[in-house]
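Structure first, then comments.
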2 protein chains.
Amino acid sequence: MSRDGELDERKLMILKAVIEDYIESFEPVGSRTVAKKYDMGLSSATIRNEMADLEEMGYLCQPHTSAGRVPSSKGYRVYVDKMLAPVAENPKLAGAVVSLLEGKIVEYHKLIKAAAEIISEMTQYTAIGMTKPKEQFIIKAMQIVPVDLNHVLAVVVAENNVTKSAMVKIDGEALKPDMIISLSGVLNDLFSGRPAESISIMMINEVVKLSGVSRNIVLPIIDAIIDCVKQCEHGELYTEGAANLLKFPEFDDIDKAREFIDLIQDKDALKKIAKGSDGEKTGLVVTIGGENGENGLDDYSVVSASYNIDGECIGTISVLGPTRMDYSKVISSLEYMQKMIEKKAKEEGKDNSAENKKGDSE
Amino acid sequence: MSRDGELDERKLMILKAVIEDYIESFEPVGSRTVAKKYDMGLSSATIRNEMADLEEMGYLCQPHTSAGRVPSSKGYRVYVDKMLAPVAENPKLAGAVVSLLEGKIVEYHKLIKAAAEIISEMTQYTAIGMTKPKEQFIIKAMQIVPVDLNHVLAVVVAENNVTKSAMVKIDGEALKPDMIISLSGVLNDLFSGRPAESISIMMINEVVKLSGVSRNIVLPIIDAIIDCVKQCEHGELYTEGAANLLKFPEFDDIDKAREFIDLIQDKDALKKIAKGSDGEKTGLVVTIGGENGENGLDDYSVVSASYNIDGECIGTISVLGPTRMDYSKVISSLEYMQKMIEKKAKEEGKDNSAENKKGDSE
DNA sequence: TGTTAGCACTCCTTTTGATTGAGTGCTAAC
DNA sequence: GTTAGCACTCAATCAAAAGGAGTGCTAACA
């Protein structure tokens, strides 16, 4: 063992071999296996000694005396931080991302969901997409669409292009199209460009006065609008590929499987998981096993990427997998997705400002 | 045994006891258990003889010689058809349905989904909600909402109040509100009240001519509208409480659990399951075990209710559970939900026609 | 003739004990 | 510092034994 407990070259090699073998096989790795498979010119006895050292140092564990070694969280940590092999670009992923981004980016919610789907499909782990709730935002547009004699549709578009609509049924009075158009105009003038929190049921008198439409009709419509606005504020949570994990031998034990099923349905727990990368401006956050406290995640690792567009975090995509997940693959997939989406968003941002200028000066 | 292979009173009693015990315990039921628990004044030996008869007649099976009896599909069938005890109304369910229906029914999709959620919650089985795809329908309303200099929102409302919207990004030209309003008017005039299939990209020339808006802008908007229309046609499939089933001891075997997970992700299989009640005007359809052919559903039963409003089937809600499900509970829950929703829809229908008349004559 | 007590028999389930084998730690020789 | 060799540990596997739930059959009984 090196004097100061630092890992020398050889120990790193052996640690890496153990981890990669374990990631592949999910079986405790013995010294003989390492000596044979990862030909490093050492006998199993030597490797055995080194492995004993690695265990003493906390990088490996032993399920029981006569078993091979298994990486500890600390072991995975140095593996992730120092030993990750760069991964060849995955053409399937690249293809999926291209077709994801071939249209325009309009709604972040849908983008995050679709991206999470791709990530889960590519990694075969579970992907959790989360969009950030907006506390303060501007209503960009609002419209009341006449549908029939008893129904109108209230449409609200928020600052980030999140769109919500609600069908409103009006009883008692028949609706006339010109009435709705007038009302729609008034509402649009009153609310568009205004911060969402300024909208309240209190404005009903003003609306009635300005539009000349009866209170009975305006009330349910404003109700619906407020409902839409509230929905715009919500962050969304998307869980993709939850069933993927259950295929892994980790979950041959039905209790573990049921535990996971409970976890995956617990929205609060998922939000906590997805928040792992919060505050982080760029780069991924890797949380291994129970590293971050008693959250019942001892057997899982999470890799989170946050998406920053225009200097603002619009959401995150996290991969949830077993601690022995294929970190290289997960990290490279998430990094690639992040890079491509942020790049595209930047391009579109530029286009927009250019066009807007052109539009303004016309 | 009675002469003609018919089930006499006593056999029915014993069959019922076996089935109900098995539904509760998921353990093969022995003659001693029946004699003791369902005090019917007979010794276990007599019951044993009767059970042997019931097996010979195909109502019961024996996993192996020295085990108790288990109901066969045929056994469940007579149980469901002839022996179901009427169930006391469930106040929890009633409460949930009341709050589900306290608002107006506007969108069937959302209603079916919410109702399926309640059913799955109440029964603790898996509920599958399906709305019927519309092959032919009328566009009730259409509108283009100006959002900002580069975006408009296309909104389409279908006959059944299904609403779809798509954000459209316009490059190259700045949008002016009056342009959009004019375009929206033209589109609304052209498409509203028209059958969906009449809308095609071919109409672009007409739109350009009538609205005076440039082709570059009209094209992506019509594209978006066609997209929305296509989405309106789709039937939706909602799976609620899929994880519920995994709690049952049926799935202690991880292979069975994984099989179920595959099943529940297979949209085509689910559609087939949910179609069980197709064509049926009213009443529920109960499919027990593999009754209906080789669909890999041997261990499951399905109870389906279809929802008919205005003489048209708008969708179905099915409960998927183990063959030994609590049929009484499932059937009564589904019947109650069906009754309440159809009743409410009828009421609203009446209201509407009354109001529409009033509106027309004004 | 239908019912029931009694008993031998079946066969799954659980327990127990022996065996196997992978892997270790230690020691001694190189 | 490395390695061959060996005793030791302990989970996993397997077979045999014990236990037990439930049956079918027979004979006696009302």
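Owing to the predicted nature of the structure, the values given are computational and were not obtained by experimental measurement. Just so it is clear: chains get the letters A, B, ... in the order the sequence lines come, proteins before strands, and each one is counted from 1. Any value given below was found using the heavy atoms of this structure, including those in side chains, with hydrogens, waters and symmetry copies removed.
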How many whole angstroms separate atom CD of B:Glu27 from atom C1' of D:dG22? 13 Å
Readout for nucleotides 23-30 of chain C: B = base within 4.0 Å of protein heavy atom, S = sugar-phosphate only, - = neither; 5' to 3' it is SBB-----
Would you mind telling me which of B:Ile23, B:Thr123, B:Ile331, B:Val303 makes a side-chain contact (heavy atoms from CB on, under 4.5 Å) with B:Met325? B:Val303
Check the surroundings of atom NZ in B:Lys74: do more than 12 heavy atoms from other residues, nucleotides or ligands lie under 6.0 Å from it? yes
Between C1' of C:dG2 and CD1 of B:Ile14, the distance in whole Å: 13 Å
How close or far is atom C1' of D:dT3 from atom CE of A:Met40, stated in whole angstroms? 16 Å
Please report, rounded to the nearest Å, how far the P atom of D:dG1 is from the CG atom of A:Leu42. 14 Å
Nearest-angstrom distance from the residue atom CD1 of A:Ile47 to C1' of D:dA4: 15 Å
Scan A:Arg69, A:Glu9, A:Met40 and name whichever one has a side-chain contact (heavy atoms from CB on, under 4.5 Å) with A:Ile14. A:Met40
Please step through salt bridge (Lys or Arg N to Asp or Glu O under 4.0 Å) for the pair B:Glu121 and B:Lys92, ending with a clear verdict. CA-CA 10 Å; B:Glu121 177 61 30; B:Lys92 262 196 199 166; over 6 Å; no
Hey, does the side chain of B:Thr46 come within less than 4.0 Å of C:dT3's phosphate (OP1/OP2), counting only N and O? no
Can you tell me which stems DNA chain C forms when a stem means 3 or more consecutive Watson-Crick or G-U pairs under 3.5 Å? C:1-30 with D:1-30
Quick one: does B:Met130's side chain get under 4.5 Å of B:Lys275's, heavy atoms only? yes
Decide if atom CZ of B:Arg32 counts as having more than 12 heavy atoms of other residues, nucleotides or ligands within a radius under 6.0 Å. no
Indicate, with yes or no, if the rings of A:Tyr327 and A:Tyr76 have centres closer together than 6.0 Å. yes
Mind listing the closest non-hydrogen atom pair of B:Thr323 and B:Asp298 along with its distance? CG2-O, 3.7 Å
Rounded distance in Å - CD (A:Glu50) to P (D:dT2): 7 Å
Is the shortest heavy-atom distance from the side chain of A:Met337 to the side chain of A:Ile118 under 4.5 Å? yes
Could you give the CG-to-P distance, from A:Asp253 to D:dA12, as a whole number of Å? 12 Å
